[in-house]
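Read the structure below first, then the notes.
Lettering of chains follows the sequences in order, A, B, ..., and the numbering in each one begins at 1. Bear in mind the structure is a predicted one, so any value in this text is a computation, not a measurement.
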Number of protein chains: 2
Amino acid sequence: MRAVDIIAKKRDGEELSAEEIEFFIQGYTSEDIPDYQAAAWCMAVQLKGMTPAETTELTLSMARSGQQIDLSDVAPLIADKHSTGGVGDKVTLALGPLVAASGQPVGKMSGRGLGFSGGTLDKLESIPGWTAEISIPQFKEQIRRVGLVIAGQTADLAPADKKLYSLRDVTATVPSLPLIASSIMSKKIAAGANVILLDVKVGDGAFMQTMDDATALAEMMVAIGRLAGRTVAARVTDMNQPLGLAIGNALEVKEAIATLKGRGPADFTELILAEAAHLLHLCHITDSLEAAQALVRQKIADGSALRKFADFVAAQGGDPHVVDDPDGVLPSAPVVIPLRSPHSGTLSAVRARAFGMTSVALGGGRAQKDDKVDPSVGIVLQAKIGDYVKQGQPLCTIHARTQADANMAAAYLLPAYDWSPTPVTPPILIKKTFDAH
Amino acid sequence: MRAVDIIAKKRDGEELSAEEIEFFIQGYTSEDIPDYQAAAWCMAVQLKGMTPAETTELTLSMARSGQQIDLSDVAPLIADKHSTGGVGDKVTLALGPLVAASGQPVGKMSGRGLGFSGGTLDKLESIPGWTAEISIPQFKEQIRRVGLVIAGQTADLAPADKKLYSLRDVTATVPSLPLIASSIMSKKIAAGANVILLDVKVGDGAFMQTMDDATALAEMMVAIGRLAGRTVAARVTDMNQPLGLAIGNALEVKEAIATLKGRGPADFTELILAEAAHLLHLCHITDSLEAAQALVRQKIADGSALRKFADFVAAQGGDPHVVDDPDGVLPSAPVVIPLRSPHSGTLSAVRARAFGMTSVALGGGRAQKDDKVDPSVGIVLQAKIGDYVKQGQPLCTIHARTQADANMAAAYLLPAYDWSPTPVTPPILIKKTFDAH
């Protein structure tokens, strides 16, 4: 088998066999196949696509390229949830404890934020002492004892994906749906989860900008799950405006804690209740989706989801008092100023991407891979699409390190809003659901 | 400007600007742009194509990437002729002296053979003493004094093309017409010729397998010439059977010499007379194409084309007696055996590629870049398409180093023939002509 023949076959739009994909991916991992051949192949995949069978083989080959974590000795089913990334997306922080408190173990490896999209690890690291650096034995022990673990990816998890991901970034092959889908799924599969709920964000503040792309990606990942013998369901959810009200690491942790106390924003609460119930039902914790919906509401009402969050934080070295006194435990920004509405009217746009970019500019995210993140800064919305605001009323509150930063943020954010003289219907949050087959 | 944005633009099928192409090509030459970005870009070009304007800018950028030879101090016009490569293609050997003897200086840089296609330098090197290693001052001096020079490419001629050519070979991007056209034309333009006649071979023994591809390539190169301010004409000629009768280095030199004596095979003679006349007319040596046709016939009849060949050989260190006693001066193979026809019938196929491959297998060409070439071996056809052969009559003569090699060649060649019980019309040699605009 020769790499150049495999590239030529994909160039000509033919379907690659499992053996050809395995040869290419393991050869690339071992550096027998050089970057330039992988780059040409990625561009051919980008422009000619892949069938579901090819995408599944690619996913499995990348999962096999490094360590594969076997969690079958820990629990019969391990749940995971993955979001394609958005602005204000703190779902994992609230969903994990809620599902774990409902009796379903959750084990998850997560990433850091880059660009306008935040990262779960960055958010959790705003809790003093909390660490994502956990060995595999610790990972397993914590699932058994606490029922919830969120760790950083080990270096050897799907190394082929890590190499291809870096290469795609500099060869204009990032937008390929089969490459995106296999990248996400290879890490999920290598990390050992067998029930996976995917949240594909769509809109201005997401990587998928159109419903067509988001739908195709969701369907593709569900198909990979089916072909790879995993239970995978997906939702396409709105990311035209930020999710919930808080954007920024410590600010989002506070919002997640408030939500676990039953005092979260309506849209965010709706989403985590729905996703938690869906995941529990997929894991056969309840007989019906309705029973799962009742169970998760109860776990919030009786405080057990909040206690699970505290136990999880403590298990990973963090200060569990964060749940009782978030303002005292979490860092806060020295400058907090409101951004006031220059007009009266109903908000018709609160563009998510601008909020993500502004959060990065305030120091809360990364423009470059090695940037340090400030946990305290960010933005808290006081109005969303469909809300009427009077001139002079605060649109949001900016949390910044300096007055100059806050002024810069205000200038960035004002163009992210549109006002309408007539009523505006808020966007539907959960746009589509793709159940596991 | 960033390389990744240029790749993305081509990935999306947009037209690149002259500045973008220049940035990419000079960056690649200087190694500021790595192989993997060039590989992704080549695949995007392969699958999305290039406009004539883009292909011309690419050609000129590659020509500018190294030394550009200025021959304007040597003669007002310098003619060149380029073939895309075929089997038995010794056109340059006869055409060069014929055009030079007719008063038009010819200065040409040529390549070596690889795969089934032979190389002009390999053929000429079968003449004892002849060398292609000529400095630029020698090159100019020889055009002035002899009117004809054929040299190896200098190392610094279009280095971007050299790098891209090697990369395309291993990234399945060889078949891209804009990349093929710009590769050929960049070297022609950097080498200083201003009137270029292109011979695009089509068929079984050529890189272009279909008339559509050959026509597109010919049109593209003529368009590049027009946009780049050069006089470029092209012909598409048949390469389903070998050109002339001889295949193999010394054997082809003998055939070229015989042709300059007026005793060449009909098809080969027809081609070089037509191409020489066309080139002379393009260079305004004669007022009409008819006058040019008469002139070249005269230059063969009066022996001046043959004398020009002898002068040219001597100028580059070769033995000029080769024209008087080719059999004595040129090396010959120890084993010469006929391949006899197993059937009676009219030949309907004499597949060129099989002859090219067999010549390589006999030692007359290169399977790998660094293989040494044996000048003596090859094949001489005794019948071509349309000829009636009786059972037992020789189809061709095999010139080999050993009897075993000759037997192997016979076994390879027999399936290259087809016989028909009914008459067969020989293929038309010159299929299309594209004149300079």
Side-chain angles (χ1 to χ4, degrees), chain A residues 1-14 16 20 23-24 27-29 31-50 114-115 160 162-180 207 209-210 213 367-369, chain B residues 1-14 16 20-21 23-24 27-28 31-50 114-115 160 162-180 207 209-210 213 367-369:
Chain A
M1 231 181 263
R2 296 192 318 157
V4 65
D5 298 327
I6 296 171
I7 303 169
K9 199 171 170 187
K10 183 42 67 188
R11 174 199 71 201
D12 296 339
E14 292 174 47
L16 301 178
E20 287 164 337
F23 174 86
F24 203 91
Y28 184 51
T29 311
E31 305 198 338
D32 292 324
I33 293 178
D35 276 337
Y36 52 81
Q37 289 190 312
W41 181 83
C42 283
M43 184 58 82
V45 171
Q46 166 85 45
L47 294 175
K48 294 290 184 164
M50 274 189 155
L114 187 61
K162 192 172 282 182
K163 283 192 73 176
L164 271 184
Y165 196 87
S166 306
L167 186 68
R168 286 166 53 206
D169 199 39
V170 291
T171 55
T173 50
V174 169
S176 160
L177 288 183
L179 295 181
I180 294 170
F207 293 106
Q209 302 273 311
T210 66
D213 279 353
Q368 308 280 330
K369 230 174 182 174
Chain B
M1 232 181 262
R2 297 192 315 158
V4 65
D5 298 327
I6 296 171
I7 303 168
K9 200 170 169 186
K10 184 40 68 189
R11 174 198 73 200
D12 296 339
E14 291 175 47
L16 300 178
E20 287 164 336
I21 290 170
F23 173 86
F24 203 91
Y28 184 51
E31 304 197 340
D32 292 323
I33 293 176
D35 276 336
Y36 53 79
Q37 289 190 313
W41 182 82
C42 283
M43 184 57 81
V45 171
Q46 166 84 45
L47 294 175
K48 294 290 183 164
M50 274 189 153
L114 186 60
K162 193 172 284 182
K163 283 192 73 177
L164 271 184
Y165 196 87
S166 307
L167 186 67
R168 285 166 55 209
D169 200 39
V170 289
T171 55
T173 51
V174 169
S176 159
L177 288 183
L179 295 180
I180 295 170
F207 293 106
Q209 302 273 313
T210 67
D213 278 354
Q368 307 279 331
K369 230 175 185 174

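Listed options B:L47, B:D35, B:I7, B:V170 were ranked by heavy-atom pairs under 4.5 angstrom with chain A; first place goes to B:V170. Note on B:C42, B:A3, B:A44: by heavy-atom pairs under 4.5 Å with chain A, the leading option is B:A44. Among B:Q37, B:R11, B:K9, the residue with the largest count of heavy-atom pairs under 4.5 Å with chain A is B:R11. The choice from A:T173, A:T171, A:V174 that makes the most heavy-atom pairs within less than 4.5 Å of chain B is A:T171. Your options are A:A38, A:A8, A:A39, and the one with the most heavy-atom pairs under 4.5 Å with chain B is A:A39.
Within the 4.5 angstrom heavy-atom criterion, no atom of A:D5 approaches chain B. Of the atoms belonging to A:L167, it is side-chain heavy atoms, and not backbone ones, that fall under 4.5 Å from chain B.
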